[in-house]
Structures are given as C-alpha cells and as structure tokens.
Amino acid sequence: MNRIEISKSSNVSVVRFKDQKIIDPETIQELGEELFSLVDDGQHNKLVLNFSNVEFLSSAALGKLITFEKKAKRTGADLILTNIAPEIYQVFTITNLDKLFKIKDNEADALAVL
C-alpha cells in the first residue's frame with residue numbers, strides 16, 4: 001500500500017499523494033483506507049492534503065475524498081486541500097466541491113490558517 005506520505009509540521013499532518021493519477025479502483029480503495037486510518041487513530045486533528053504530485057483524479061477518487069471529508073468532520077479534524085492542479089480545481093468548481101472543501105493555493109497558506 002502506502003499511497004501517501006505523511007509529515008508533521010508542528011501539530012499539523014501534511015499528506016502528500018504518491019500517485020500522479022488516482023484512477024483505478026484498487027488505488028482509490030487503498031488510498032481511502034490510508035486516509036481513513038489517519039482520522040480513526042485520533043492523532044491527526046489538523047490535516048493538509050497536498051495534491052502537488054496529482055495530475056488526474058477520477059470521479060470515484062473524488063467520491064472517496066468526499067467520504068473522507070465527512071469522516072474527518074465527524075471526528076473533529078480540520079481538513080484543508082492545497083496545491084490542486086488547475087484542471088482538477090476546475091472539476092472542484094464545476095461540481096461545487098470548492099464549497100465543501102477548504103482549499104488553499106499552497107501548503108504555506110494552509111499551515112498559516114491551521
């Protein structure tokens with residue numbers, strides 16, 4: 001597995017995706033499990049998801065992110081998305097996901113508000 005890399009910046013967990021394209025069901029499932037375990041263990045209350053390496057997300061991957069956002073909210077975790085490629089961000093705006101997620105241009109902006 002290991003679809004993500006996690007680094008701690010003070011009390012914030014920064015999550016970076018290893019895959020450039022998050023498309024196939026197996027990858028999405030593994031990614032979901034790894035993300036969910038972050039909020040399940042209760043040790044990651046402030047999360048920044050950095051998409052700088054991601055070039056493409058399937059609709060199923062977006063669905064997994066929505067599920068993760070709801071789970072994070074239920075556990076009281078703060079979640080911010082950063083470094084989203086313009087093509088992917090366009091999908092977020094078309095589907096109104098830019099209203100659901102807190103999105104910042106870059107990691108430094110996200111860390112500044114958490």
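Note that the structure is a prediction, hence the values are computed from the model and not measured. Atom set for the values below is all heavy atoms of this structure, side chains included, hydrogens, waters and symmetry mates excluded.
Side-chain atoms of F101 and L49, non-hydrogen and from C-beta on, never get closer than 4.5 Å to each other. The shortest distance between side-chain heavy atoms of L47 and V39 falls below 4.5 Å. Within the 4.5 Å cutoff, the side chain of L97 has no heavy atoms near those of the L65 side chain. The side-chain heavy atoms of D19 and V54, taken from C-beta on, include no pair separated by under 4.5 Å. A 4.5 Å side-chain heavy-atom check between V91 and E87 finds every atom pair outside the cut-off. Residues E69 and L100 form a side-chain contact, since some pair of their non-hydrogen atoms from C-beta on lies under 4.5 Å apart. Using a 4.5 Å heavy-atom cutoff, the side chains of K18 and N2 are in contact. At least one side-chain heavy atom of K64 sits less than 4.5 Å from a side-chain heavy atom of F36.
Residues passing the salt bridge (Lys or Arg N to Asp or Glu O under 4.0 Å) test with D40, sequence neighbours excluded: K71. Considering only residues two or more places apart in sequence or on other chains, K21 meets the salt bridge (Lys or Arg N to Asp or Glu O under 4.0 Å) condition with E55.
The cluster map of Ile, Leu, Val, Met, Phe, Trp and Tyr, joined by side-chain heavy atoms under 4.5 Å apart, puts F17 and I80 in different clusters. The cluster map of Ile, Leu, Val, Met, Phe, Trp and Tyr, joined by side-chain heavy atoms under 4.5 Å apart, puts I103 and V113 in different clusters. Grouping the Ile, Leu, Val, Met, Phe, Trp and Tyr side chains by contacts below 4.5 angstrom, directly or via other members, places L38 with L81. I88 and V48 are assigned to two separate hydrophobic clusters, defined by single-linkage of ILVMFWY side chains at heavy-atom distances under 4.5 Å. Put simply, V15 and L79 are part of the same group of oily side chains (I, L, V, M, F, W, Y) that touch within less than 4.5 Å, one to the next.
If you take OG on S7 and CZ on R16, they are separated by 4.5 Å, rounding to the nearest 0.5 Å. Distance check: L114 CG to K102 NZ gives 6.5 Å after rounding to the nearest 0.5 Å. Summarising the geometry, atom CG belonging to N106 is positioned 12.0 Å from atom CD1 belonging to I84; distances are rounded to the nearest 0.5 Å. For the atom pair CG (L31) and CD1 (I4), the distance works out to 6.5 Å, reported to the nearest 0.5 Å.
Few gaps surround NZ on K8; more than 12 heavy atoms of other groups in view lie less than 6.0 Å from it.
Ring planes of F51 and F92: perpendicular class, angle over 60° (limits at 30 and 60°).
Nearest heavy-atom pair across I22 and I28 is CG2-CG1, 3.8 Å. Residues A61 and L57 share a closest heavy-atom pair of CB-CD2, 3.8 Å.
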Worked check of salt bridge (charged side-chain N to carboxylate O under 4.0 Å, His left out) between E34 and R3 | CA-CA 7 Å; E34 289 183 48; R3 299 276 175 200; 5.5 Å; no
Between H44 and I6, does a side chain to side chain contact (heavy atoms under 4.5 Å, CB included) hold up when you go through it step by step?
-> CA-CA 10 Å; H44 303 275; I6 303 157; 4.3 Å; yes
Would V14 and L111 satisfy side chain to side chain contact (heavy atoms under 4.5 Å, CB included), going step by step from the backbone distance to the final call?
-> CA-CA 9 Å; V14 178; L111 291 172; 4.1 Å; yes
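Here the side chain of N83 pairs a donor or acceptor atom with the backbone of E107 at under 3.5 angstrom.
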